[in-house]
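Take a look at the structure set out below.
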Amino acid sequence: MPIYEYVCKSCKKEFEAIRPMSDKDAPIACEKCGGKKVRRKQSTFSARNESGSVAGTSSSCDCGSCSGGSCVSCGH
Ligand SMILES: [Zn+2]
């Protein structure tokens, strides 16, 4: 299970909690003051959400007879 970081708005206490991903935004009590005004901090390792796939930039063609650009045999 991933570790999430939380910070209490009442006492500024920062703490971590291991929770299932489905409960990451569920209410959690501050471990110091027991307050419910707890905000989840952005996790450092799960913040990388950029898509690594860029469609349409491959220079190789499936037909194998052209070098990219306009190909009359495969029509790409
Ligand atoms: Zn607190």
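Remember, it's 1-based here, ligands and their atoms both numbered in the order they're listed.
Within the sub-2.8 Å shell of the Zn ion (ligand 1), the protein contributes these N/O/S atoms: Cys8 SG, Cys11 SG, Cys30 SG, Cys33 SG.
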With a 3.5 Å cut-off and sequence neighbours excluded, list the donor-acceptor pairs that the side chains of residues 17-30 form with protein atoms.
| residue | atom | partner | partner atom | Å |
| --- | --- | --- | --- | --- |
| Arg19 | NH1 | Tyr6 | OH | 3.1 |
| Arg19 | NH1 | Asp23 | O | 2.9 |
| Arg19 | NH1 | Ala26 | O | 3.0 |
| Arg19 | NH2 | Pro27 | O | 3.4 |
| Asp25 | OD1 | Arg40 | NE | 2.7 |
| Asp25 | OD1 | Arg40 | NH2 | 3.2 |

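From Glu14, atom CD reaches atom CZ of Arg39 across 8.5 Å, with rounding to the nearest 0.5 Å. Summarising the geometry, atom NZ belonging to Lys37 is positioned 8.0 Å from atom NZ belonging to Lys9; distances are rounded to the nearest 0.5 Å. The distance from the SG atom of Cys11 to the CD atom of Glu31 is 9.0 Å, given to the nearest 0.5 Å.
You'll find the side chain of Val38 reaches within 4.5 Å of the side chain of Phe15, heavy atoms only.
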